[in-house]
Amino acid sequence: MNYRTLGKTGFSISEISLGTWQVGGKWGAAFDDANADHILHTALDAGINFIDTADVYSDGLSEKAIGRVLKSRSERVYVATKCGRKLRPHLNAAYQPEVLRSFVEDSLKRLGLECLDLIQLHCPPTEVYYRPEIFELFYRLKEEGKILHLGVSVEKVEEGLKAIEYPNVAAIQIIINLF
């Protein structure tokens, strides 16, 4: 397995990583813990050390599966999770620091971690990138030891360019779906 540095994190991560949108399930099927564990262990056994997830993937079951598997492993595995897509409606006004804080804390519990390696805003509306108070929250979360790094998952070039204006944005995930 080849490894490279992820953005400004300093993490040496596998060039191939595991996305867990559908880990443990099939399109539209019920979540299967045994299948999730098999997928995660197989990836880690192959040298993958970076797992991407989100609080909305299988309504948190993906994070729980990752946490369960990580407890049984000894190697360093970096986990990136995302927050924001649970907001209904998913609009700029719904993005509030106290709500995002609660999402981070919920992910920590599901993953069974004290600190998230990388928390990413999950494709927020473009207007969110123009609200410094949102990015300020993640400085506080880092100071509190709840996160190591902030990243963003973007749909538009404008969003990525605006995000890198914030010094605490360490990584940008650009959505690509082979399907």
Side-chain angles (χ1 to χ4, degrees), residues 5-14 17-21 23 36 40 44 48-88 90-125 127-154 159-160 162-175:
T5 303
L6 175 63
K8 297 189 296 186
T9 67
F11 299 157
S12 180
I13 65 162
S14 49
S17 44
L18 179 64
T20 61
W21 180 18
V23 71
L40 290 160
L44 298 175
I48 289 173
N49 73 346
F50 184 77
I51 300 172
D52 173 77
T53 192
D55 56 4
V56 293
Y57 293 177
S58 296
D59 196 27
L61 294 176
S62 174
E63 287 180 329
K64 285 181 181 180
I66 292 164
R68 183 175 59 248
V69 167
L70 290 180
K71 284 180 187 169
S72 72
R73 306 291 295 218
S74 61
E75 69 269 42
R76 176 63 162 112
V77 178
Y78 298 96
V79 177
T81 193
K82 296 183 278 301
C83 66
R85 280 293 190 181
K86 284 189 169 199
L87 296 169
R88 297 287 181 257
H90 188 242
L91 301 171
N92 176 42
Y95 275 77
Q96 298 298 321
E98 62 277 3
V99 175
L100 293 172
R101 173 183 286 279
S102 72
F103 291 159
V104 167
E105 291 171 354
D106 290 346
S107 287
L108 284 167
K109 287 176 193 164
R110 282 188 296 273
L111 287 158
L113 299 172
E114 292 182 19
C115 181
L116 297 174
D117 295 317
L118 178 64
I119 183 70
Q120 300 174 100
L121 292 174
H122 198 173
C123 300
E127 299 85 4
V128 170
Y129 293 94
Y130 292 86
R131 295 177 51 205
E133 74 275 14
I134 298 301
F135 293 84
E136 196 58 42
L137 163 70
F138 296 95
Y139 281 115
R140 291 193 303 278
L141 290 169
K142 186 171 184 172
E143 289 171 359
E144 295 168 16
K146 294 185 180 195
I147 69 167
L148 291 178
H149 297 285
L150 169 65
V152 294
S153 180
V154 301
E159 296 164 349
K162 186 63 183 169
I164 62 174
E165 292 180 14
Y166 296 98
N168 64 335
V169 172
I172 295 177
Q173 180 184 60
I174 299 170
I175 291 180

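Residues: numbered from 1 along the sequence shown.
- Crowding of Glu114 atom CD: a count of heavy atoms from other residues, nucleotides or ligands under 6.0 Å not exceeding 12.
- Between Gln173 and Val152, the closest side-chain pair of non-hydrogen atoms is not below 4.5 Å.
- Residues passing the ring-ring contact (aromatic ring centres under 6.0 Å, His included) test with Phe50: none are found, sequence neighbours excluded.
- Of the possible polar contacts, none joining the Ser58 side chain to the Gly60 backbone as a donor-acceptor pair under 3.5 Å is found.
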### Task
Check the pair Ile66, Arg68 against side-chain contact (heavy atoms from CB on, under 4.5 Å), reporting the backbone distance first and the verdict last.
CA-CA 5 Å; Ile66 292 164; Arg68 183 175 59 248; over 6 Å; no

#### Entry: Steps toward side-chain contact (heavy atoms from CB on, under 4.5 Å) verdict (Phe135, Tyr129)
CA-CA 8 Å; Phe135 293 84; Tyr129 293 94; 3.8 Å; yes

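- Inter-residue side-chain proximity for Ile119 and Lys82 is flagged as unmet; no heavy-atom pair is nearer than 4.5 Å.
- Here Glu144 pairs with Arg101 in a salt bridge; the nearest charged N to carboxylate O distance falls below 4.0 Å.
- At a threshold of 4.5 Å between non-hydrogen side-chain atoms, the residues Val154 and His122 do not count as touching.
- A 6.0 Å sphere centred on NZ of Lys64 holds no more than 12 heavy atoms belonging to other residues, nucleotides or ligands.
- Between Leu87 and Phe103, the closest side-chain pair of non-hydrogen atoms falls below 4.5 Å.
- With contacts defined as side-chain heavy-atom distances shorter than 4.5 Å, the pair Leu44/Leu18 does not qualify.
- Annotation for Leu100 and Cys83: closest pair CD2-SG, 4.1 Å, computed over non-hydrogen atoms.
- With hydrogens and angles disregarded, a donor-acceptor distance shorter than 3.5 Å links the side chain of Arg131 to the backbone of Asn92.
- Using a 3.5 Å distance cut-off with no hydrogens or angles, the side chains of Tyr78 and His149 do not pair a donor with an acceptor.
- Checking side-chain atoms of Lys142 against main-chain N and O of Asn168 turns up no donor-acceptor pair under 3.5 Å.
- In this model, no donor atom of one side chain and acceptor atom of the other lie less than 3.5 Å apart for Thr53 and Thr81.
- Under a 4.0 Å N-O distance rule, the pair Arg140/Glu143 does not qualify as a salt bridge.
- Between Arg73 and Val69, the shortest heavy-atom distance links the atoms CG-O, 3.2 Å.
- A donor-acceptor contact closer than 3.5 angstrom links the side chains of Ser107 and Glu63.
- For the pair Tyr130/Glu165, no side-chain contact is recorded, criterion being any heavy-atom separation below 4.5 Å from C-beta on.
- Counting heavy atoms from C-beta outward, Trp21 and Asp52 have side chains that stay 4.5 Å or more apart.
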### Task
Take Lys146 and Cys115 through the test side-chain contact (heavy atoms from CB on, under 4.5 Å) and record every step on the way to the result.
CA-CA 4 Å; Lys146 294 185 180 195; Cys115 181; over 6 Å; no

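- The shortest side-chain heavy-atom distance between Val104 and Leu116 falls under the 4.5 Å cut-off.
- A donor-acceptor pair shorter than 3.5 Å can be found between the side chains of Asn49 and Ser14.
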